[in-house]
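Every heavy atom of this structure was used, including side-chain atoms; hydrogens, water molecules and symmetry mates were not. Here the structure is a predicted model, which is why all the values come from computation and not from measurement.
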Amino acid sequence: FAETTALLPGADRLTHPREFRLLNGEPHRILHKFLSQLWAPAAIEQYRKPLVGRVIAGQIARFRALGSAELWRDYAAFVPIAIIAELIGLPSTDEDQLRACKEWTEAVLAWRHTYGEDDAIIEAAVRASARLDPIILPVIRDRRGHPTDDLISRLWEVGSTIYPDWGEEDILANIKPLFEAGSDTSANLICSCAYAVLTDSATRTEVANGGEPLIRLVEE
């Protein structure tokens, strides 16, 4: 189906014609298939302990040392962004940078959800998007000549098979939406699961005893 985001007011400043969601035909098929395979359950299983487990353990250790935490701000909203950033290939786990990525996600989602009908929201989304560029662009430029095992390096490879003039702006346009793709829903799910554990004794007992049958139901 056609992605209508490009028709919204402000889209000329917040989208790119070669973003995978806006492409049509064979270019869309190639890029979408490439990304879908990278994020398939079997493909991401390898990251469960060395990446996901490490990020989670780090956040828990941090607020355990502080003695308290706010579930959404200090954990649920932070963990998905931190994991996505590392998969993309961003070298720094600096919290300020990751919070900037989260700010961009929230601002752009606000623009989408209001259908570009609020000028102030459009401008906020544009400002947030600009904050993300200096975080990602240096990595994109470095990976062009020094590829590693990350998404940015792979986008250089696959993009050049579609467009001979594939460049850094094309990769930037395809990286940014990945901060949207699941980070907010994952954060909401973490909070919902925590609420279920804290308020339902049967769920809490099952999780305390291992919880594998329950946990396996959660696809996100």
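Partners of T205 under the side chain to side chain donor-acceptor pair (under 3.5 Å) rule, at least two apart in sequence or in another chain, do not exist in this structure. Applying the side chain to side chain donor-acceptor pair (under 3.5 Å) rule to D119 yields no partners; only residues at least two apart in sequence or on another chain are considered.
Between R131 and D96 no salt bridge is recorded (no basic side-chain N to carboxylate O distance below 4.0 Å). Look at E157 and R154 and you find no salt bridge, because none of the NZ, NE, NH1 or NH2 atoms lies under 4.0 Å from a carboxylate O.
In this structure a side-chain-to-backbone donor-acceptor pair under 3.5 Å is present from N174 to D170. Using a distance-only test at 3.5 Å, with no hydrogens or angles considered, no donor-acceptor pair links the side chain of D142 to the main chain of P138. N188 contributes a side-chain N or O that, together with a main-chain N or O of D184, makes up a donor-acceptor pair within less than 3.5 Å. With hydrogens and angles ignored, the 3.5 Å screen pairs no side-chain donor or acceptor of N209 with any backbone N or O of E206. Distance alone, capped at 3.5 Å, is enough to place a donor-acceptor pair between the W111 side chain and the P9 backbone. Between the side chain of S186 and the main chain of S183, no donor-acceptor pair closer than 3.5 Å is present. Looking at R13, its side chain never comes within 3.5 Å of a backbone N or O of V126 through a donor-acceptor pair.
Both Y163 and I152 are members of a single hydrophobic cluster when ILVMFWY side chains are connected at heavy-atom separations under 4.5 Å. Residue F179 is not grouped with residue L22 when hydrophobic side chains (ILVMFWY) are merged at heavy-atom distances under 4.5 angstrom, including chains of intermediate members. Cluster annotation: L109 is not connected to I175 through the hydrophobic network of ILVMFWY side chains, with a link wherever side-chain heavy atoms come within less than 4.5 Å. W72 and I60 end up in different hydrophobic clusters when Ile, Leu, Val, Met, Phe, Trp and Tyr side chains are linked at under 4.5 Å. Taken together through direct or relayed side-chain contacts under 4.5 Å among Ile, Leu, Val, Met, Phe, Trp and Tyr, Y195 and I190 form parts of separate hydrophobic clusters.
In this structure the side chain of I56 reaches within 4.5 angstrom of the side chain of Y75, judged on heavy atoms. Within the 4.5 Å cutoff, no side-chain heavy atoms of Q59 are placed close to those of R64. Using a 4.5 Å cut-off on side-chain heavy atoms (C-beta onward), L151 and W156 make no contact. With a 4.5 Å cut-off on side-chain heavy atoms, W39 and L87 count as touching. Within the 4.5 Å cutoff, side-chain heavy atoms of R141 are placed close to those of E168. Side-chain contact between L31 and L155: present, with at least one pair of heavy atoms (C-beta onward) separated by less than 4.5 Å.
When all heavy atoms of N24 and P27 are compared, the closest pair comes out as O-CD, 3.3 Å. Nearest approach of R73 to E70, heavy atoms of both residues: N-OE1, 2.6 Å. The shortest non-hydrogen separation linking A187 to A76 is CB-O, 3.2 Å. The two atoms that bring E19 and A173 nearest to each other are CG-O, 3.6 Å, heavy atoms only. Taking each heavy atom of L132 and C101 in turn, the nearest pair found is CD1-SG, 3.3 Å.
Atom CG of L98 is separated from atom CD1 of I84 by 10.5 Å, given to the nearest 0.5 angstrom. Rounded to the nearest 0.5 Å, atoms CD1 (I171) and OG (S160) are 9.0 Å apart. Distance CD1/I122 to CG/L14: 7.5 Å, rounded to 0.5 Å. For the atom pair I81 CD1 and E103 CD, the distance stands at 11.5 Å (nearest 0.5 Å). Atom CD1 of residue I88 and atom CD1 of residue I136 lie 6.0 Å apart, to the nearest 0.5 angstrom. Taken to the nearest 0.5 Å, the CD atom of Q97 stands 4.5 Å off from the CD1 atom of I135.
Side-chain contact of S153 with D150: a donor-acceptor pair under 3.5 Å is present, judged by distance alone. Inspection of the R21 and T5 side chains reveals no N or O donor paired with an N or O acceptor under 3.5 Å. Using modelled atom types and a 3.5 Å distance limit, the side chains of S129 and K176 yield a donor-acceptor pair.
Taking the six-membered ring where the residue is Trp, H32 and F20 present tilted rings, their angle falling between 30° and 60°.
Remark: R99 is not positioned above the aromatic ring of F78, lacking an NZ or CZ atom under 6.0 angstrom from the ring centre and at most 45 degrees off the axis.
Counting non-hydrogen atoms of neighbouring residues, nucleotides and ligands closer than 6.0 angstrom, the OH atom of Y115 reaches no more than 12 such neighbours.
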